[in-house]
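Quick caveat: nothing in here was measured; it's all calculated off a predicted structure.
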Amino acid sequence: MLAPKGVRVLGVGFRGLTAAPTDQDPEKVERDLVFLGLVGMIDPPRPEARVAVARCRTAGIRTIMVTGDHPDTARYVAADWA
């Protein structure tokens with residue numbers, strides 16, 4: 001349960017290549033991987049983002065966070081800023 005604590009979770013895998021990666025179709029390179037495990041990574045917002053959001057709120061602008069992270073990770077970051 002890392003996402004609810006604001007940690008981005010990445011899966012790691014590998015497979016051997018018969019040629020240089022630039023010579024292969026990316027769709028094929030990312031198939032038939034051997035799963036190695038998961039890695040947790042903290043990726044905090046940039047420091048200037050907090051100031052920018054505060055200035056927008058002061059100006060009456062409603063801010064919306066758009067992210068590709070897991071919803072639990074996004075909720076953690078949003079709650080930290082509330």
Undergrad: Who pairs with Leu33 by side chain to side chain contact (heavy atoms under 4.5 Å, CB included), at least two apart in sequence or on another chain?
TA: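 For Leu33 the side chain to side chain contact (heavy atoms under 4.5 Å, CB included) partners, ignoring immediate neighbours, are Arg15.
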Undergrad: Residues in side chain to side chain contact (heavy atoms under 4.5 Å, CB included) with Asp43, at least two apart?
TA: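 Scan of Asp43 (side chain to side chain contact (heavy atoms under 4.5 Å, CB included), adjacent residues dropped) gives Arg8, Met41.
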Undergrad: Other members of the hydrophobic cluster containing Val51, with the 4.5 Å side-chain heavy-atom rule, please.
TA: none
Undergrad: Please identify each residue that fulfils salt bridge (Lys or Arg N to Asp or Glu O under 4.0 Å) with Arg55, with sequence neighbours left out.
TA: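 If we apply the salt bridge (Lys or Arg N to Asp or Glu O under 4.0 Å) test to Arg55, skipping adjacent residues, there are no hits.
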Undergrad: Is Val53 reachable from Val77 through a run of I, L, V, M, F, W or Y residues, each pair having side-chain heavy atoms under 4.5 Å apart?
TA: yes
Undergrad: With a 4.5 Å cut-off on side-chain heavy-atom distances among I, L, V, M, F, W and Y, is there a chain of contacts connecting Val9 to Ile42?
TA: yes
Undergrad: Measure across Thr63 and Cys56 and return the closest heavy-atom pair with its distance rounded to 0.1 Å.
TA: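 Closest heavy-atom pair between Thr63 and Cys56: CG2-CB, 3.8 Å.
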Undergrad: Could you list the residues that satisfy side chain to side chain contact (heavy atoms under 4.5 Å, CB included) with Thr67, not counting sequence neighbours?
TA: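 For Thr67, the residues satisfying side chain to side chain contact (heavy atoms under 4.5 Å, CB included) (neighbours in sequence not counted) are Asp69, Ala74.
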Undergrad: Each residue besides Leu36 in its hydrophobic cluster should be listed here, by chain and number; the cluster joins Ile, Leu, Val, Met, Phe, Trp and Tyr at side-chain heavy-atom distances under 4.5 Å.
TA: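 Besides Leu36, the hydrophobic cluster comprises Val12, Phe14, Val34, Val39, listed by chain and residue number.
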